[in-house]
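I have placed the structure first, in the form of structure tokens, so that the comments after it can refer back to it.
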Amino acid sequence: MSKFEQQRQEKLARAKELGVEPYGNRYEGTEPAEEIKGRFKEDDPTQQANCAGRIALLRDIGKLIFITLRDRSGTIQVGLSKKLLGEQWESAKLLDLGDIIGASGPLARTKTGEITIWADHLTLLSKCLLPPPEKFHGLADIDQRYRQRYVDLWANPQVLERFKTRSAIITTIRNFLESKDFLEVETPMMQTIAGGAAARPFVTHHNSLGMDLFLRISPELFLKRLLVGGMERVFEINRNFRNEGLSRQHNPEFTMLEVYQAYGDYDVMMDLTEELVSLCVQKHCAGTRLQFGEFTIDFTRPWRRARYADLLKEYGGCDIDDLKAVRTKARQLNLDEAEMDDAVVVNEVFEATVEDNLIAPTFVIDYPAALCPLARRKKDDPKFASRFELFVARMELANAYTELNDPAEQYENFLNQLRGQEESLTKMDSDYVTALKYGMPPAGGLGIGIDRLVMVLTGAETIRDVVLFPLLRPAKAQG
RNA sequence: GGGAGUGUAGCUCAGUUGGCAGAGCAACGGCCUUUUAAGCCGUAGGUCCUGGGUUCGAGUCCCAGCACUCUCACCA
């Protein structure tokens with residue numbers, strides 16, 4: 001036990017001797033700190049208030065103690081005096097930074113104008129036994145911030161603020177979709193075939209069934225089964241898991257919104273996406289121009305819609321049909337193009353030349369069909385699929401298409417996909433093909449990466465700042 | 001996995017050319033009834049990430065390892 005902890009244990013023992021119960025029970029009748037300040041009336045000397053929270057700052061000036069109490073809403077000052085507290089004064093002198101207390105009493109301004117609860121009753125609700133972070137700089141060590149998010153959240157108020165916004169954004173999304181008659185559902189996260197995306201899955205094992213299972217990389221194929229079943233408008237907001245490297249934009253588990261609308265197509269989903277994200281910007285951001293790192297992103301509608309092939313020409317300088325030119329460009333970019341399929345080379349060049357230029361919200365539309373095994377080809381130009389991705393600040397924020405509902409074509413696409421697979425992690429999802437044979441209504445489908453959306457809307461440049469407990473290596477064994 | 005950077009008191013950070021280990025905050029003791037990162041006086045607090053090496057002498061230089069950050073790769 002550290003010296004610091006010992007000192008606080010001793011204080012706790014002294015408080016117990018004074019009859020203080022250091023770990024309190026239910027504490028009722030409180031109001032959020034900011035609401036108390038909001039309802040304060042200047043000319044009413046009879047006001048009372050009761051607030052619970054953590055001691056963020058403490059100024060002991062002898063026979064008076066001023067405390068900055070922090071709760072979920074913000075802060076309020078609590079004033080302690082020997083005169084008002086009486087018998088409790090002695091135990092009040094034992095309070096430390098970080099303790100959780102409840103304080104009630106008259107509400108009044110101090111000489112310097114701070115609205116203050118002058119406590120005539122004080123309750124210790126939980127003793128803080130470990131040293132709190134530095135009160136001005138907060139907790140800065142990045143590793144410790146993520147490992148001990150419970151400290152980060154109260155030591156750095158803007159962290160709590162950001163996660164409150166994340167929660168509010170998700171509520172906005174739910175309300176928006178429910179208002180449009182979409183039904184929220186939950187589909188399996190443990191799957192026998194990890195389909196719906198091109199990514200390596202995590203493998204786990206079911207003991208009594210004696211079989212391996214995959215954590216899902218996407219809910220897509222299950223949600224579309226629901227379209228077959230007659231759930232014409234569904235959505236799911238939940239975790240996907242992909243076994244890949246970590247980066248500023250990638251956490252192995254991440255939250256995805258997927259939406260399916262029967263009788264729609266990708267144009268419908270494009271409008272839906274623009275409407276939904278704009279609503280989030282309007283409700284949760286200061287304006288339509290947001291700062292994100294070095295970029296200022298303008299969300300003013302309508303957003304740019306540009307064809308994949310046109311962007312390739314604009315930024316990559318080559319014609320999508322001129323494969324020689326594309327491969328030449330690939331070599332210029334130091335891409336190892338010799339072993340790649342045509343479609344893959346095209347996409348590598350696209351990623352290397354185009355994506356860094358997509359700062360303002362941009363719908364990239366009509367992807368090469370070979371890259372889209374679950375999307376419907378365009379009738380007038382079958383080399384391309386009715387698919388779009390939304391890019392903001394160089395990040396892929398959304399992915400959507402007109403769903404392929406032809407079982408024969410879907411079966412062919414699955415076969416082609418399997419052909420390229422060396423690791424046989426992906427299997428033919430023949431049940432999904434069976435489902436399509438029963439008939440799936442034509443539909444538009446959409447996926448939005450919630451973490452990335454929250455990043456953009458709250459100005460967080462790393463996904464770890466919008467995930468409460470991002471994946472880390474386990475800490476070394478230690479208290 | 002490759003490259004670059006960081007690691008010093010509970011926290012935030014200095015530390016010169018290789019020459020006694022430092023500050024602010026927090027803590028402990030004292031003074032203070034209107035403070036706002038309260039103030040003033042005093043005290044205590046260190047495996048300088050770990051292990052080797054060079055040197056009379058290493059927080060500082062060299063080698064190896066560990067952790068974290070950034071970046072590239074894997075990955076839509």
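Protein chains get the first letters and strands the later ones, always in sequence-line order, with residue 1 at the start of each.
Minimum atom distance to the side chain of R147(A) is reached by A67(B), of the listed A67(B), C28(B), A38(B). With U12(B), U34(B), C28(B) as the candidates, the nucleotide lying closest to the side chain of F66(A) is U34(B). In this structure, of U36(B), A27(B), C11(B), it is A27(B) that holds the atom nearest to the side chain of D96(A). In the set U12(B), U34(B), C74(B), the nucleotide with an atom closest to the side chain of R200(A) is C74(B).
Remark: aromatic rings of F388(A) and F363(A) are close, center separation under 6.0 Å. Within the 6.0 Å centre-distance limit, the rings of F66(A) and W118(A) are counted as a close aromatic pair. Here Y308(A) and F350(A) bring their ring centres to under 6.0 angstrom of each other.
With rounding to whole Å, L97(A) atom CG is found 8 Å from A38(B) atom P. The distance between atom CZ of R14(A) and atom P of G29(B), rounded to the nearest whole Å, is 6 Å. Counting to the nearest Å, the C1' atom of U36(B) and the CG atom of L64(A) are 14 Å from each other. Rounded to whole Å, the distance from CD1 on I142(A) to P on C11(B) is 15 Å. Here G10(B) presents its P atom at 14 Å from CG of L139(A), a figure rounded to the nearest Å. Taking atom CZ of R109(A) as the reference point, atom P of U34(B) lies 19 Å away to the nearest angstrom. One can place CG of L80(A) at 15 Å from P of U33(B), the figure rounded to the nearest angstrom. Rounded to whole Å, atom C1' of U34(B) lies 14 Å from atom CD1 of I67(A).
I61(A) comes within 4.0 angstrom of a nucleotide base, judged by non-hydrogen atoms across all strands. Note on D141(A): only backbone sugar-phosphate atoms sit closer than 4.0 angstrom, heavy atoms only; bases stay farther off. Within 4.0 Å of W118(A), counting heavy atoms only, lies at least one base atom of the nucleic acid. Using a 4.0 Å heavy-atom cutoff across all strands shown, R59(A) reaches at least one base atom of the nucleic acid. Residue R248(A) is in sugar-phosphate contact alone, with no base atom involved, counting any heavy-atom pair closer than 4.0 Å across all strands shown. G79(A) comes within contact range of no nucleotide atom at all, as no heavy-atom separation falls under 4.0 Å.
Stacking of R225(A) on the aromatic ring of F222(A) is recorded, both the 6.0 Å distance cut-off and the 45° axial limit being met. The cationic atom of R387(A) (NZ for Lys, CZ for Arg) lies less than 6.0 Å from the six-membered ring centre of Y367(A) and within 45° of the ring axis.
Applying the Watson-Crick and G-U wobble criteria (two distances, each under 3.5 Å), G1(B) pairs with C72(B). The nucleotide U43(B) finds its pairing partner in A27(B), both defining distances of the Watson-Crick or G-U wobble pair being shorter than 3.5 Å. Using Watson-Crick or G-U wobble geometry with both donor-acceptor distances under 3.5 Å, U36(B) finds no partner in any strand shown. Under the Watson-Crick or G-U wobble criterion, with both distances below 3.5 Å, A21(B) has no partner in any strand shown. Nucleotide U54(B) is matched to nothing when pairs are restricted to Watson-Crick or G-U wobble geometry with both distances under 3.5 angstrom. Shown here, U16(B) forms no base pair; nothing in the strands shown gives a Watson-Crick or G-U wobble contact with both key distances under 3.5 Å. If you check G59(B) for Watson-Crick or wobble pairing at under 3.5 angstrom, you find it has no partner at all. Across all strands shown, U6(B) forms a Watson-Crick or G-U wobble pair, both distances under 3.5 Å, with A67(B).
As rounded to the nearest Å, G53(B) and U60(B) have C1' atoms that lie 15 Å from one another. Atom name C1', nucleotides G5(B) and C41(B): the rounded distance is 43 Å, in whole Å. Comparing G30(B) with A44(B), their C1' atoms sit 15 Å apart, to the nearest whole Å. The separation of U54(B) from C13(B), taken at their P atoms, amounts to 35 Å, rounded to a whole angstrom. G39(B) and C25(B) have their P atoms separated by 7 Å, given to the nearest Å. Taking atom P in both A23(B) and G42(B), one finds a spacing of 13 Å when rounded to whole Å. Here the separation of C61(B) from A14(B), taken at their P atoms, is 15 Å to the nearest Å. Comparing the P positions of G59(B) and C49(B) gives an interatomic distance of 10 Å, to the nearest angstrom.
With hydrogens and angles ignored, no donor-acceptor pair closer than 3.5 Å exists between the side chain of T116(A) and the base of U34(B). In terms of polar N and O atoms assigned as donor or acceptor, the side chain of Q77(A) comes within less than 3.5 Å of the base of U35(B) in a complementary pairing. Interface remark: the T110(A) side chain does form a donor-acceptor pair with the U35(B) base, using a distance-only criterion of under 3.5 Å.
With RNA chain B read from its 5' end, the first of the two nearest nucleotides for D143(A) and L371(A) is the one closest to D143(A). Projected onto RNA chain B by closest heavy-atom contact, P133(A) and L58(A) fall at different nucleotides, the more 5' of which corresponds to P133(A).
For K135(A), a side-chain nitrogen or oxygen approaches OP1 or OP2 of A38(B) to under 4.0 Å.
Shortest non-hydrogen contact noted between I36(A) and I117(A) is CD1-CD1, 4.1 Å.
When the shell of 6.0 Å around NZ of K82(A) is examined, it contains 12 or fewer heavy atoms from other residues, nucleotides or ligands.
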Practice problem: Starting from the C-alpha separation in whole Å, work towards a yes-or-no answer on salt bridge (charged side-chain N to carboxylate O under 4.0 Å, His left out) for E253(A) and R242(A). | Solution: CA-CA 7 Å; E253(A) 53 176 315; R242(A) 296 187 183 176; over 6 Å; no

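Stacking between F4(A) and the base of G10(B) is absent under the criterion of ring centres within 5.5 Å and planes under 30 degrees.
You'll find the side chain of T75(A) stays beyond 4.5 Å of the side chain of L69(A), heavy atoms only.
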